[in-house]
Amino acid sequence: MKQALVALCSAVLVASCATPSREQNLVNRAVDAMGGAERLAGVKSVAFKGTAKYWEPEQSDVPGGEARFANQSEFSGIIDGATRATRIDWVRNFAYPAPRTFNFSEITTPDAGYVVGIDSNGRNAQSLKANPPAHSMSGVRLATSQRELRRGGSGALMLAMQRSPDKVQPAADIGNQPAVAFDGFIVAFDPATGLPARVRSLDYDNIWGDVNYDVVYSDWREFGGLKVPMGRKYELNGKMVTEVAFTELQFNAPIDASRLQIPSEVRADAAKPAVRNVPYQWVIRRQFIGTYLDSDNVSYDTRGSQGLRLQELAPGVHQIQGGSHNSLVVEMSDHLIVLDAPITDAQSMWLVGATRAQFPGKPIRWVVLTHHHMDHAGGVRGLLAEGGTLVVGQGAGAHFRRALEAPMTRNPDLAARSFHMNPIMEVPESHVMSDSAGRQVIVYVMDNPHAKGMLMGWVPHARLGYVTDIWTPGPPLPAKPNPGLASVVNTVKRAGLQPERFAGGHGSTADYQSLVRLVGQ
Ligand SMILES: [Zn+2]
């Protein structure tokens, strides 16, 4: 008995004498500063409201220029701690790419996600079929949504860190803020208050390569003894892309569980959260402008398309079809010319594989980008990997030189490599690419409302033009002409071309005369 007591005492003594690590001290101090572990653990539900503004840097007017204001949103939401289910109801007022409002709700649970309403112009087959519109989240969207909810839930995050000390690892300071690593995040603390200040993830961006994506907490306010950051700024490589202000917050209000339910038939068929190579930045930022295609293949709708394919439009001229974004491939005597490098290097690696099979021994020598927007340029590295020259409009050269020099170690589709040997050519007005047999592809700079330095492609032997974003050939034309459509006709006239058809970076192909008739009205 006496021996047992001695053993017990020494065990207690050892436990109480064990020195917490620097990392554990930072976490413990943060938990205390926020109101203490007991109060944090007492939170069983949260109800909140707020507003948010979004900017997209890679949909700018000028390459490398000011980020595009994307949307202003109002949201209200509930979190149920017991089921770890969250619902957020959104009213999203978009300024870009066109003014419109989407009202929708997102339900996120540990093993499925659900979207009620229309949240994108790029609706997938499941959303189009459902009446009223609704769809389950793809696995990549669910994983992204779960990660961002964890990043935003400051109290739950600190508590999780305190409860899993073995997962809390050393990390380098961020500025003057001491930091720790935890579960995919780097969390930095305010040295004065001890509160968490910044939660960082190390993401991959299809234009800027390896990037830091941070939430910066601010405007701490107290609710029932718990401190909550009511202000949040999201930064991409230090530049603000989202600003959130919570206006109302309530802990432990009764929750209507039915509002967190995903219909069982949807749940049965829903994707589980993706665990590898989640393209977080693509998923997050395509939602900024309301164009996200919710699919586990970011190039095409896995529930609505057979996948990407090369569609022959004319001898030696192929359009990549089957996805949300196309390229044009022109076969020359001993090489290939590709117009546009959309989405990701995964799509580019598909294109490289498909063209190697179809045109053996003909590498991609010219990669032409119609414009710099991330959805039509995000696969540029993959297409340049065969050593080609990048062709861009006037003013975009320095932007792409910087982007290609950025570290790309987190690229899931392409091993890190240097692009300093790839020439970049800026086109001031027009540029002709020809082969030994006389076949040509010509590009012309367009005076247009979409992006500075926009290029139009022209394939003379096929009498085929190629444009992206200012005209989507295929779907019915609008009732009235607009400045984008007029710029296509103006460029054709200025260059003295006589096109039969146009192909697009979106859509398929269309007869040119139909556009002339509309614009001539
Ligand atoms: Zn664009």
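Indexing begins at 1, ligand by ligand and atom by atom, following the structure's order. Quick note: numbers below take in every heavy atom, side chains included, and nothing from hydrogens, waters or symmetry partners.
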| task | Answer yes if the side chains of Ser138 and Ser295 hold a donor-acceptor pair under 3.5 Å, and no otherwise. | result |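 Per modelled atom types, Ser138 and Ser295 side chains form no pair under 3.5 Å.
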
Could you identify the N, O or S atom of [X] positioned closest to the Zn ion (ligand 1)?
| X | value |
| --- | --- |
| His450 | NE2 |
| His373 | ND1 |
| Asp469 | OD2 |

**Asked** Does Arg417 make a cation-pi contact with Phe419 (under 6.0 Å, within 45 degrees of the axis)?
**Response**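 Arg417 over Phe419 ring: yes.
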
> On the ring face of Tyr54, is Arg92 found with NZ or CZ under 6.0 Å from the centre and within 45° of the axis?
Replying inline: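 Verdict for Tyr54: a cation-pi partner in Arg92.
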
| Any side-chain heavy atom of Tyr217 sitting closer than 4.5 Å to one from Val199? |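 Tyr217 vs Val199: side chains touch.
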
